[in-house]
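First up is the structure itself, then whatever we jot down about it.
We're numbering straight along the sequence, starting at 1.
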Amino acid sequence: MNTAAAWEVAAQTPDPELPMLTVADLGILREVSVEDGCVVATITPTYSGCPAMGEIGADVRRRLERAGYRDVEVRTRIAPPWSSEWITDAGRRKLTAAGIAPPAAAAPRACAIAASRLLTLPTAAPVACPRCTSTDTERVAQFA
């Protein structure tokens, strides 16, 4: 059984809330493996209470079954928690094209915590407007 082919099938599953994006674009498809002849797809919610996870899991299963995989299991993994850093470049472009400003990748910054050690923490970069590309923007909602 070809794991890469199963990944490609599962990866094309659209997100039910943002159907222009796939589960791979969003980075919520974590892994596809084969265990004792069973295709196992592992997904991670974008947040712990995501109401779409049941639908996403069912959609991934249906796609794999339609592609000829007879024994399919979809698992949910919550650790590590999903991060917007997992959105692919293609996913960011699709969000922008849909008028949604994706969060920018965090730029590291150094913070001295001791004379002998440095801790690198991410800093929030300005988010560009998906319509005009201005970075003179303001966050109006944490989600959506």
Assess whether side-chain contact (heavy atoms from CB on, under 4.5 Å) is satisfied between K94 and D25, documenting all intermediate values.
-> CA-CA 9 Å; K94 290 175 185 179; D25 290 332; 2.7 Å; yes
Derivation of the side-chain hydrogen bond (donor to acceptor under 3.5 Å, both in side chains) call for T44 and R30 = CA-CA 7 Å; T44 294; R30 299 287 298 280; 2.8 Å; yes
Evaluate the criterion side-chain contact (heavy atoms from CB on, under 4.5 Å) for residue pair I56 and V23; output intermediate values, then yes/no.
-> CA-CA 8 Å; I56 292 169; V23 294; 3.7 Å; yes
Take V74 and V40 through the side-chain contact (heavy atoms from CB on, under 4.5 Å) test and state the conclusion after the steps.
-> CA-CA 6 Å; V74 177; V40 179; over 6 Å; no
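Side chain of S83 to backbone of W86: no donor-acceptor contact under 3.5 angstrom is found. Here the side chain of W7 pairs no donor or acceptor atom with the backbone of A41 at under 3.5 angstrom.
Considering all non-hydrogen atoms of both residues, G91 and L21 come closest at O-CD2, 3.5 Å. Among all heavy-atom pairs drawn from Y69 and V39, the shortest one is CD2-CG2, 3.4 Å. Listed here is the closest heavy atom pair of P45 and R77: CD-O, 3.7 Å. Between P102 and T96, the shortest heavy-atom distance links the atoms CD-OG1, 3.4 Å. Residues A6 and L64 share a closest heavy-atom pair of O-CD2, 3.5 Å.
Annotation: the span from L29 atom CG to T22 atom OG1 amounts to 8.5 Å, rounded to 0.5 Å. Between the SG atom of C129 and the CG atom of D136 there is a distance of 10.5 Å, given to the nearest 0.5 Å. Atoms OG1 and CD1, from T76 and I28 in turn, are 9.5 Å apart once rounded to the nearest 0.5 Å. The structure places CG of L95 at 5.5 Å from CD1 of I87, a figure rounded to the nearest 0.5 Å. With values rounded to the nearest 0.5 angstrom, T3 atom OG1 is found 12.0 Å from E8 atom CD. Note: T46 OG1 to E17 CD = 7.0 Å, rounded to the nearest 0.5 Å.
Grouping the Ile, Leu, Val, Met, Phe, Trp and Tyr side chains by contacts below 4.5 angstrom, directly or via other members, places L26 with I100.
Not a single salt bridge (charged side-chain N to carboxylate O under 4.0 Å, His left out) links E65 to another residue, sequence neighbours left out. Legend: residues meeting side-chain hydrogen bond (donor to acceptor under 3.5 Å, both in side chains) with Q12, ordered by chain and number and at least two apart, are absent.
For E31 and R75, the salt-bridge test fails: no basic side-chain N is under 4.0 Å from an acidic carboxylate O.
Among pairs with a residue in residues 43-61, those fulfilling salt bridge (Lys or Arg N to Asp or Glu O under 4.0 Å) read E55-R62, D59-R62, at least two apart in sequence or across chains.
A 4.5 Å side-chain heavy-atom check between S48 and M53 finds every atom pair outside the cut-off.
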